[in-house]
Amino acid sequence: WDLGHREGPRNIPPLILEGKNFDRAFNDVYEFVEECREKGARVVFSFPPLRKDQYLKNKGGIDALAALLTDSLELKPIASAEAMAFPEEFFFDTAYHLNYLGVKRRSAILGNALSVYLNER
């Protein structure tokens, strides 16, 4: 945790919501959600942490993915993609790898979001 912040790859690839790889991934998620629901479990999801600039760059695709998951699987994120977009200083060495400050922030957001979700049920 004391390593702080390092230089590393910071850009994420564009989010493409079509093609063989996307279809396979979406079907895997669909099957997982259905299997969990058949067993009586409630399924929630959260977006991964992203650097704020990468979130803004990919906002259209991220919003389209959220709509697809909500409409097709009746899954609503417990926290918005924007809530998971953090400033550069919250990352360690890649666009996804949070440092100590980022982990603390994300954990607090997810804890609060889960609490809200469970209290609404």
Side-chain angles (χ1 to χ4, degrees):
W1 289 127
D2 60 348
L3 294 176
H5 176 77
R6 288 188 179 174
E7 291 302 316
R10 295 292 195 250
N11 295 319
I12 64 170
L15 185 58
I16 300 170
L17 303 181
E18 60 186 18
K20 197 167 33 172
N21 289 335
F22 176 77
D23 291 343
R24 187 173 343 145
F26 187 83
N27 287 332
D28 287 347
V29 171
Y30 177 83
E31 289 174 10
F32 172 78
V33 169
E34 289 301 309
E35 184 177 323
C36 290
R37 287 178 175 159
E38 286 172 7
K39 294 177 180 179
R42 287 183 273 176
V43 180
V44 299
F45 85 94
S46 170
F47 289 96
L50 285 176
R51 251 186 32 207
K52 184 82 167 186
D53 67 317
Q54 294 301 297
Y55 162 72
L56 293 172
K57 181 178 171 185
N58 292 281
K59 185 177 181 333
I62 292 168
D63 290 347
L65 178 60
L68 182 63
L69 291 170
T70 300
D71 296 343
S72 299
L73 303 180
E74 298 178 11
L75 281 178
K76 185 178 178 191
I78 58 170
S80 70
E82 185 175 13
M84 293 293 117
F86 300 114
E88 170 72 25
E89 63 267 15
F90 282 75
F91 290 86
F92 176 56
D93 60 352
T94 69
Y96 299 106
H97 191 185
L98 295 171
N99 63 19
Y100 178 74
L101 293 174
V103 168
K104 281 184 69 171
R105 168 85 61 89
R106 182 171 190 256
S107 295
I109 291 168
L110 289 177
N112 183 54
L114 279 171
S115 179
V116 168
Y117 172 81
L118 292 172
N119 285 324
E120 289 176 349
R121 300 278 176 240

Of the non-hydrogen atoms in [X] and [Y], which two are nearest, and what is the gap between them?
X    : Y   : value
F86  : F91 : O-CE1, 3.5 Å
A81  : I62 : CB-CG2, 3.4 Å
R106 : P49 : NE-CD, 3.5 Å
F47  : A79 : CD1-O, 3.7 Å
R37  : L75 : NH2-CD2, 3.7 Å

Using 0.5 Å steps for rounding, measure from the [atom1] atom of [X] to the [atom2] atom of [Y].
X    : Y    : atom1 : atom2 : result
I16  : N21  : CD1   : CG    : 9.5 Å
L17  : F22  : CG    : CZ    : 4.5 Å
N58  : R51  : CG    : CZ    : 11.0 Å
L110 : S115 : CG    : OG    : 12.0 Å
D63  : L68  : CG    : CG    : 12.5 Å

Would you call [X] and [Y] a side-chain contact if the rule is heavy atoms closer than 4.5 Å?
X   : Y    : value
V44 : Y117 : yes
I78 : L114 : yes
M84 : I109 : yes
F45 : V33  : no

Q | Aromatic contact, F90 with F92 (centres under 6.0 Å) | A |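 No, the ring centres sit 6.0 Å or more apart.
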
Q: Would you kindly say whether N27 and R24 are connected by a side-chain donor-acceptor distance under 3.5 Å?
A: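 Looking only at side-chain atoms, R24 and N27 do not form any donor-acceptor pair under 3.5 Å.
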
Q. Given the rule in the side-chain contact (heavy atoms from CB on, under 4.5 Å) test, do K52 and E82 qualify, once you have shown the distances and angles that lead to the verdict?
A. CA-CA 8 Å; K52 184 82 167 186; E82 185 175 13; 3.9 Å; yes

Q: Taking D23 for its side chain and E18 for its backbone only, find out whether a donor-acceptor pair lies under 3.5 Å.
A: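 Not a single qualifying donor-acceptor pair exists.
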
Q. Is the number of heavy atoms from other residues, nucleotides or ligands within 6.0 Å of NZ (K76) greater than 12?
A.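 For K76, atom NZ is not crowded (no more than 12 foreign heavy atoms under 6.0 Å).
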
Q) More than 12 foreign heavy atoms under 6.0 Å from CD of E34: is that the case here? A)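 Result for CD/E34: enclosed.
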
